[in-house]
Amino acid sequence: MKNWIKIFALTAFSTQMYAQKNLTIDEAVSYALENNVNVKKAKIDQTIAQQKVKETVGIGLPQVSGQAKYTNYIKIPVMFVTFPGSTEVSEFPMAQKQNINTGITVSQLLFNGSYIVGLESAKTYKETASLIEEKTEISIKEAVMMTYAGVLATEENIKTLEENKRVLEKNLNDTRQVYKTGLTELQSVEQLEYSYKNLSTVIENLKRTKNKLNNGLKYLIGFPLEEKLELISTFDEVLDKNKQLIARDNFDFSNHIDLKLKQNQVRVNQLLLKLEKSKALPSLSTFFSTNANALGSSLDDLRWNYPTLWGIQLDVPIFSGLQRHWKTEQAKLNLVKAQLDKEDAEKQLQSEYYQKATDYENALASYNTAEDLVKLSSEIYRKQNVKFKEGLGTSFELSQAENQLYEAQTKYYQAAIELIQAKVQLDKAKGIL
């Protein structure tokens with residue numbers, strides 16, 4: 001029995017170890033790029049685009065079709081004929097009761113302007129799917145980095161408040177003992193109890209918030225919600241990566257995903273214009289057909305014949321009521337719009353870069369200030385705590401210093417998160433995320 005208990009315990013422990021996964025922030029991003037549902041769908045679209053190219057190529061390959069048909073006339077159709085000089089109507093059967101028709105037809109497209117444009121369009125469609133996949137990955141990477149940092153910041157905030165809670169709890173216990181000796185007022189105890197309960201509530205709320213963010217991160221990276229995810233990058237490591245000065249040089253946006261999408265849209269509209277123009281060109285194709293047909297009054301008495309033919313077909317568009325003309329004009333205007341969108345995207349990316357650079361500089365300055373304020377408020381609280389214990393300060397003054405410290409700590413973590421978010425958005429604006 002003991003052996004079974006050991007085996008069960010070992011199995012449970014192994015299952016627990018297997019279910020837990022440890023991820024750094026970079027590993028979380030990589031995991032998301034493999035398992036996020038939107039990334040998976042973008043990869044499927046990329047595969048579909050590749051198959052679309054092959055499908056379009058197949059239009060220009062030989063097309064082969066076969067046919068087999070059996071007909072049994074229940075009632076044979078007849079033709080009524082009256083011969084010259086006679087009023088008598090004669091009946092002639094128009095078919096045999098048993099009929100078998102088989103055949104193979106092969107056709108080959110020799111020249112078609114729309115097909116040539118279609119081949120180019122299929123390749124551009126493939127490029128579009130690839131760019132959309134890249135943009136999806138960038139969006140997921142941005143979201144993962146921000147959410148991961150949010151979980152770490154909340155975790156660090158909880159640790160800081162837990163430490164504050166331990167200090168506050170000691171002060172509360174000490175003050176209760178002093179109150180029993182009659183050397184302090186009940187108000188001092190009540191003030192500390194109020195602060196203690198309020199701080200406990202804040203900590204519990206943050207723990208729930210951390211769990212919510214952690215589950216959000218699991219969903220984002222495509223990780224099973226029921227399994228345990230451990231974040232092993234530290235808050236300081238993530239923060240240090242985003243605390244760096246930037247140089248506002250003219251940045252090259254030629255490889256930015258948004259600009260590449262606009263350039264791709266210009267190519268699409270160029271091909272649409274080319275397609276409308278190609279509809280005025282002739283189309284040339286060739287075909288070959290061979291058949292085996294049999295007919296007779298019964299299946300035992302069939303007569304076979306084998307008609308075979310080939311040919312070339314030329315289709316020449318002559319007049320379409322000016323429809324082709326106006327469609328071509330519309331395609332030209334759509335191309336102009338696409339080019340304007342591309343030019344506007346270049347200006348917009350430049351503007352957005354300077355905006356995000358300013359946001360980052362502001363966030364870095366706010367973070368540095370918040371860091372200094374935490375140090376300053378910590379020292380003020382320490383001194384006020386000493387004065388309170390020595391009877392030189394009131395509980396109200398201690399509460400003020402305490403609230404000032406908590407507010408500074410809260411603003412510090414908010415500033416840290418805003419700094420990380422600003423750096424991620426700046427990298428995205430630069431096209432290097």
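Atom CZ of Phe287 is surrounded by more than 12 heavy atoms from other residues, nucleotides or ligands within 6.0 Å. In the displayed structure, Tyr194 atom OH is contacted under 6.0 Å by at most 12 heavy atoms of other residues, nucleotides or ligands. Annotation: Tyr70, atom OH; neighbour count of heavy atoms from other residues, nucleotides and ligands within 6.0 Å is above 12. Heavy atoms of other residues, nucleotides or ligands lying less than 6.0 angstrom from CD1 of Ile104 number 12 at most. The local environment of OH in Tyr179 is sparse, with at most 12 non-hydrogen atoms from other residues, nucleotides or ligands closer than 6.0 Å. For Lys262, the NZ atom counts as loosely surrounded, since its 6.0 Å shell holds 12 or fewer non-hydrogen atoms of other residues, nucleotides or ligands.
Using a 4.5 Å cut-off on side-chain heavy atoms (C-beta onward), Gln330 and Glu276 make no contact. The closest side-chain heavy-atom distance from Leu398 to Asn385 is below 4.5 Å. The shortest side-chain heavy-atom distance between Leu340 and Asp344 does not fall under the 4.5 Å cut-off.
The side-chain contact (heavy atoms from CB on, under 4.5 Å) search around Lys54 returns none, not counting sequence neighbours. For Gln177, the side-chain contact (heavy atoms from CB on, under 4.5 Å) partners are Lys180, not counting sequence neighbours. Residues passing the side-chain contact (heavy atoms from CB on, under 4.5 Å) test with Ala365, sequence neighbours excluded: none. Take Tyr148 and apply the ring pair (Phe, Tyr, Trp, His ring centres under 6.0 Å) test, not counting sequence neighbours, and it matches no residue. Taking the side-chain contact (heavy atoms from CB on, under 4.5 Å) definition, one finds that Ile417 meets it with Ala149, Ala153, Gln421, sequence neighbours left out.
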Atom pairs and distances, donor-acceptor, side-chain atoms in residues 56-68, under 3.5 Å, two or more places apart:
residue	atom	partner	partner atom	Å
Thr56	OG1	Lys52	O	2.9
Gln63	NE2	Gly58	O	2.9
Gln63	NE2	Leu61	O	2.6

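Neither side chain, Asn171 nor Glu169, offers a donor N or O lying under 3.5 Å from an acceptor on the other.
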(request) Go through the steps for Gln409 and Asn164 under the test side-chain contact (heavy atoms from CB on, under 4.5 Å), then give the verdict. (result) CA-CA 11 Å; Gln409 290 170 339; Asn164 293 341; 2.6 Å; yes

(request) Go through the steps to decide whether Leu199 and Tyr406 satisfy the test side-chain contact (heavy atoms from CB on, under 4.5 Å), and finish with yes or no. (result) CA-CA 9 Å; Leu199 184 58; Tyr406 296 166; 3.5 Å; yes

(request) Report the C-alpha distance between Leu271 and Leu275 in whole Å, list the side-chain angles of each, state the deciding distance to 0.1 Å, and finish with yes or no for side-chain contact (heavy atoms from CB on, under 4.5 Å). (result) CA-CA 6 Å; Leu271 290 169; Leu275 175 63; over 6 Å; no

(request) Take Arg208 and Asn211 through the side chain to side chain donor-acceptor pair (under 3.5 Å) test and state the conclusion after the steps. (result) CA-CA 5 Å; Arg208 286 187 285 268; Asn211 290 334; over 6 Å; no

(request) Show your working on side chain to side chain donor-acceptor pair (under 3.5 Å) between Ser366 and Glu418 and close with a plain yes or no. (result) CA-CA 9 Å; Ser366 297; Glu418 289 172 1; 5.8 Å; no

(request) Start with the C-alpha gap between Ile420 and Met146, add the side-chain angles, then the distance that decides, and say whether side-chain contact (heavy atoms from CB on, under 4.5 Å) holds. (result) CA-CA 7 Å; Ile420 294 171; Met146 289 186 176; 5.8 Å; no

(request) Give the intermediate values and the outcome of salt bridge (Lys or Arg N to Asp or Glu O under 4.0 Å) for residues Lys218 and Glu227. (result) CA-CA 9 Å; Lys218 286 180 182 179; Glu227 295 184 14; over 6 Å; no

(request) Decide side chain to side chain donor-acceptor pair (under 3.5 Å) for Tyr73 and Gln98; before the verdict, give the C-alpha distance in whole Å, the side-chain angles of both, and the deciding distance to 0.1 Å. (result) CA-CA 7 Å; Tyr73 281 101; Gln98 306 290 341; over 6 Å; no

(request) Apply side chain to side chain donor-acceptor pair (under 3.5 Å) to Asn38 and Thr136, showing your working. (result) CA-CA 7 Å; Asn38 290 323; Thr136 301; over 6 Å; no

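Sequence neighbours left out, the pairs with a member in residues 154-164 that pass salt bridge (charged side-chain N to carboxylate O under 4.0 Å, His left out) are Glu155-Lys210, Glu156-Lys159, Glu162-Lys207, Glu163-Arg166. For the side chain to side chain donor-acceptor pair (under 3.5 Å) condition, the pairs that include at least one residue of residues 118-128, sequence neighbours left out, are Glu120-Lys274, Glu127-Arg267, Thr128-Asn264. Judged as a salt bridge (charged side-chain N to carboxylate O under 4.0 Å, His left out), the pairs with a partner in residues 23-39 (not counting sequence neighbours) are, in order, Asp26-Lys241. Sorted by first and then second residue, the pairs that involve residues 26-46 and meet ring pair (Phe, Tyr, Trp, His ring centres under 6.0 Å), not counting sequence neighbours, are Tyr31-Phe223. For the salt bridge (charged side-chain N to carboxylate O under 4.0 Å, His left out) condition, the pairs that include at least one residue of residues 183-203, sequence neighbours left out, are Arg176-Glu193. For residues 330-351, no pair satisfies ring pair (Phe, Tyr, Trp, His ring centres under 6.0 Å), with sequence neighbours left out.
Across every non-hydrogen atom of Thr147 and Leu220, the tightest pair is OG1-CD2, 3.9 Å. Nearest heavy atom pair, residue Ser377 against residue Gln404, reads CB-O, 4.1 Å. The shortest heavy-atom contact between Leu314 and Pro282 is CD1-CB, 4.0 Å. Shortest non-hydrogen contact noted between Ala422 and Ala363 is CB-CB, 3.9 Å. Counting all heavy atoms, side chain and backbone alike, Ala32 lies closest to Ile140 at CB-CG2, 3.8 Å. Scanning all heavy atoms of the two residues, the minimum distance from Asn242 to Val238 falls at ND2-O, 2.6 Å.
Side chain of Thr286 to main chain of Gly311: a donor-acceptor pair is present (N/O by atom type, distance under 3.5 Å, no hydrogens or angles). Here the side chain of His256 pairs no donor or acceptor atom with the backbone of Lys430 at under 3.5 angstrom. Using a distance-only test at 3.5 Å, with no hydrogens or angles considered, a donor-acceptor pair links the side chain of Asn403 to the main chain of Ser399.
Atom CG of Leu239 is separated from atom CG of Leu419 by 6.0 Å, given to the nearest 0.5 angstrom. Here Leu229 contributes atom CG and Asn22 contributes atom CG; the two are 8.0 Å apart, rounded to the nearest 0.5 Å.
A salt bridge (charged side-chain N to carboxylate O under 4.0 Å, His left out) with Glu137 is found for one member of Lys40, Lys428, Lys43 and no other, namely Lys43.
No salt bridge links Asp45 with Lys41; every basic N to acidic carboxylate O contact stays at or beyond 4.0 Å. Ion pairing of Glu407 with Lys411 is present here, as a side-chain N (NZ or NE/NH1/NH2) and a carboxylate O approach within less than 4.0 Å.
Between Tyr412 and Phe235, the two ring planes are perpendicular [angle over 60°; tilted spans 30° to 60°]. Below 30°, between 30° and 60°, or above 60°: for Trp304 and Tyr306 the angle between ring planes is below 30°, a parallel geometry.
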